[in-house]
Protein chains: 4
Amino acid sequence: MSYRNPPPRPAQPAARPGRPRDPGKADAILSVTLSLLAEAGYDAVSMERVAARAGTSKATVYRRWPDKRALVAAAIGHQQGPPPPDVDTGSLRGDLLALCRRLAQMLGRSEGRLVVALLQGAARDPALGDLMERTAGHTGARLPDVVLRRAVARGELPATATSYAFDEVAGSALVLRALTGAPVDDPYLEHLVDAVLLPALAHGDAGPPPGPALFAGATADDDAPDTTTP
Amino acid sequence: MSYRNPPPRPAQPAARPGRPRDPGKADAILSVTLSLLAEAGYDAVSMERVAARAGTSKATVYRRWPDKRALVAAAIGHQQGPPPPDVDTGSLRGDLLALCRRLAQMLGRSEGRLVVALLQGAARDPALGDLMERTAGHTGARLPDVVLRRAVARGELPATATSYAFDEVAGSALVLRALTGAPVDDPYLEHLVDAVLLPALAHGDAGPPPGPALFAGATADDDAPDTTTP
Amino acid sequence: MSYRNPPPRPAQPAARPGRPRDPGKADAILSVTLSLLAEAGYDAVSMERVAARAGTSKATVYRRWPDKRALVAAAIGHQQGPPPPDVDTGSLRGDLLALCRRLAQMLGRSEGRLVVALLQGAARDPALGDLMERTAGHTGARLPDVVLRRAVARGELPATATSYAFDEVAGSALVLRALTGAPVDDPYLEHLVDAVLLPALAHGDAGPPPGPALFAGATADDDAPDTTTP
Amino acid sequence: MSYRNPPPRPAQPAARPGRPRDPGKADAILSVTLSLLAEAGYDAVSMERVAARAGTSKATVYRRWPDKRALVAAAIGHQQGPPPPDVDTGSLRGDLLALCRRLAQMLGRSEGRLVVALLQGAARDPALGDLMERTAGHTGARLPDVVLRRAVARGELPATATSYAFDEVAGSALVLRALTGAPVDDPYLEHLVDAVLLPALAHGDAGPPPGPALFAGATADDDAPDTTTP
DNA sequence: CCCTAAACGAGACGGTACGTCACGTCTTTGA
DNA sequence: TCAAAGACGTGACGTACCGTCTCGTTTAGGG
């Protein structure tokens, strides 16, 4: 799991010889990386600036992550807060609107700048896009199963309904509007819900979307190499 | 619109004093930029390499575009061929798939890497939004009216149908997938069309979307500085 | 004499066809060059700055002088003021002191900066040294003949005395002190006069110094190509 | 004296952390600089050429000297051989001539082109004056005491004679001639010795010159930044 | 009185060097 | 051992000149 660990990973940490790594460093480094990312974008994340602000040295950074790409990806996976409260307004339309509003707010706050920064990085370095896909935590763009099940229970959706339309569309549309600075106000959100999301969800008989979902949070049983926990 | 002599804005370009720019240079430079972009990505576009391969000097490049970002953006806007042929496969589903494929292809070519740069810039400079409009518009991000009218005529859509769902969703979803490197293959496209686009379009009674359309940049008589036509 | 004249040099200027050169330009250009030289040194003299400040174009400058070197050399020869008043204090020592004080003052004023600038240029480009030697007007470093003759008449110097010692030594010593910022005050000047100049002048039987004198003003019968009167 | 850690100034260099500078690099760089200087003059010293020929990188050069000027100045100070042998020709005149010839030779080599840069710098940075002192002092600009004493012993000079006239005059005159490119050949040197130096030295009763001696720069314990010993 | 040749301003052009910055690696000392 | 500090080679960045060139526009004077 760790990026540089010797393969077997013994059950007990096995007390490797030599001075142990300061566990606080990784945290400090990732936090600094996140700030820089949010403040001024991907290009402002320079390894020297990160090291300086984290109060450590470049070598210490490179010892943990092989390059800038990996550092940034790890930083993104690192950022998390308390899980948002459940949404339950009593109607599917209300739930969808609430979820969209929450996402829109997130994009409007500083984390939104982070999304920009990430996409910037992805534009510069395609491999970073890959990493992001595996690494990035969820952005709120998924339709929670509970919401879906409640809607089915209320008879608002057919039993065959899946969350696909929401997952794919809501995140994309809002992120892109955030990027272009287009307004994301309530009238717009209602329009999106009424004209796109509800019809699409109601259509129902969509099988599981082929391929991985956009912005799929890393699930616990993911086997992909993980650069986020050095 | 013109970057250099806004005040009187003469009908004829008014023959600025001094030696006129060699019109071939800009072309050569942009072409080289596009090749490098396609061959090896954004970071492979170095101003010196561009100048060298274009058979000119760095100064000549910088005289036209203030920095690398602007050069690359201009190069993207530069690349165009004959307007793509109308889409008419005989069915709405076929038409939608064709349009999505065309857009996906465009984004799959390395230019996709740069869409984000444009999007970012668009927040600051409306003229870039304009550029996106023209570029994306020509490549399938907009549902052509003809296609819509034919579908209505065939009875596949209600008369009240609008192009909104396609305009908003298709571009966003594909651009974002391109940016993160997620696969955009035919199964995915069919799924998108069947599970989102067709249901949403069929829903029909969507009025015009409130607020400005995505990618609807400045209008032609806007005086904003234009870095795309040096 | 003229740098670009056809060889024979006809008695009448021969009225070349075409628009004649604006005689004011050369003056303006040279003046600007001198200011820049004095203000900020040789490297601050850029052809574009000169042209801009002189209210002309680079082409007009290059039409008159082939390159920066020549322009600077010409500018130096151009600078002149009213001839300084004669020195006559009644004694050789007094005269020498007065002359030294005058020179020291000149070097301390802005013209002094010019001397620095020149030497800067000479260090960068040996050919400029050559040009300076032929071009540069006198800097006050020569011992006027009248002063010498009066001293001989008063019996303070032998009839065989020449101005050599003064010409060679006074200028060199003071210029160098100016360059290093060493103080050039009255005690120092008296010491120089008493300990070096008077003994050397009194020695007397020095023939004419071999080779051209340092800082010798261009004499009328000089055959060297002259870049100062374009 | 050290440029980087003035505050505590430990007796032993104190083993700064981090990889120590490769001591061979500075040497290689300075040697290359000197060659370029000698081969083709100041303008031929380009930082990239220096780095290339020294087998290093521009960054390594700039890490040691802040700019081209400083590099060149340091290179001059760097060039030294074994201390020149004592001068003893048997006569004062012969000794003076030998000393002048040695100085003229030094100035005639391309290093002379740069003396002016040093002189200029000396006005701003006393440490450079110091450097001049050592450099020029070793090459003949000072009249060695031995020579003076021998001349007094031979009866060629009065016991009151001092080295002042030589120190002040020889250096100045020769440096300035070198700068302007005036010829410094044997006839000229003999003339200088016979017409100026010998009479002035013979005059004798010159006390020590008031004010600081020319080229007497900062003393060794001066805290001024020192750009010559990176 | 027009014609023609040159001067003039503006600025494009190919070069070359400058000094800065970041990357990712290497090499020390000290904990 | 590893942490820390920082030197190292590479290579791009954007700026500033240099000296040359090409425009379109003036301005004399000679036919």
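Each chain gets a letter, A, B and so on, in the order the sequences are listed, and its residues count up from 1.
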S.K.: For A:D43 and F:dC13, give me the distance from atom CG to atom P, rounded to whole Å.
M.R.: 12 Å

S.K.: Would you kindly give the CH2-to-P distance between C:W65 and F:dT20, to the nearest whole Å?
M.R.: 16 Å

S.K.: Any chance you could lay out the side-chain contact (heavy atoms from CB on, under 4.5 Å) test for C:T60 and C:D22, step after step, and finish with the verdict?
M.R.: CA-CA 10 Å; C:T60 297; C:D22 180 339; over 6 Å; no

S.K.: Given that C:V45 and D:D22 both sit by DNA chain F, which one's nearest nucleotide is further toward the 5' end?
M.R.: D:D22

S.K.: Relative to C:Y42, does C:K68 satisfy both conditions: NZ or CZ under 6.0 angstrom from the six-membered ring centre, and within 45 degrees of the ring's axis?
M.R.: yes

S.K.: Under 4.0 Å: is that the gap between some side-chain N or O of B:T60 and OP1 or OP2 of E:dA12?
M.R.: no

S.K.: Taking all heavy atoms of C:A44 and all of C:R49, pick out the closest pair and write down the distance.
M.R.: O-NE, 3.2 Å

S.K.: Given atom NZ of C:K68 and atom P of F:dA16, what is their separation to the nearest angstrom?
M.R.: 15 Å

S.K.: Heavy atoms from C-beta onward define the side chain here; which of E:dA5, E:dT25, F:dT22 lies closest to that of B:R19?
M.R.: F:dT22

S.K.: Kindly give the heavy-atom pair with the smallest separation between C:V61 and C:A51, and that separation in Å.
M.R.: CG2-CB, 4.2 Å

S.K.: With nearest nucleotides of DNA chain E determined for D:Y62 and B:K25 from heavy-atom distances, which residue corresponds to the more 5′ nucleotide?
M.R.: B:K25

S.K.: My understanding is that only residues two or more places apart in sequence, or in another chain, count here; which of them pass salt bridge (charged side-chain N to carboxylate O under 4.0 Å, His left out) with D:R53?
M.R.: D:E39

S.K.: Name the closest nucleotide to the A:R63 side chain, picking from F:dA4, E:dG14, F:dC8.
M.R.: F:dA4

S.K.: Among all residues two or more places apart in sequence or in another chain, which pass the salt bridge (charged side-chain N to carboxylate O under 4.0 Å, His left out) test with C:D27?
M.R.: none

S.K.: Listed in order of residue number, which residues of residues 46-59 of chain A have a non-hydrogen atom at under 4.0 Å from DNA chain E?
M.R.: A:S46, A:M47, A:E48, A:R49, A:K58

S.K.: When the distance from CZ of B:R69 to P of F:dC13 is rounded to whole Å, what number comes out?
M.R.: 12 Å

S.K.: Could you tell me how far apart D:R21 (CZ) and F:dA7 (P) are, to the nearest whole angstrom?
M.R.: 5 Å

S.K.: Can you check side-chain contact (heavy atoms from CB on, under 4.5 Å) on D:L71 and D:Y62, steps first, answer last?
M.R.: CA-CA 9 Å; D:L71 169 62; D:Y62 276 104; over 6 Å; no

S.K.: Send over the distance from C:I29 CD1 to E:dG9 C1', rounded to a whole Å.
M.R.: 12 Å

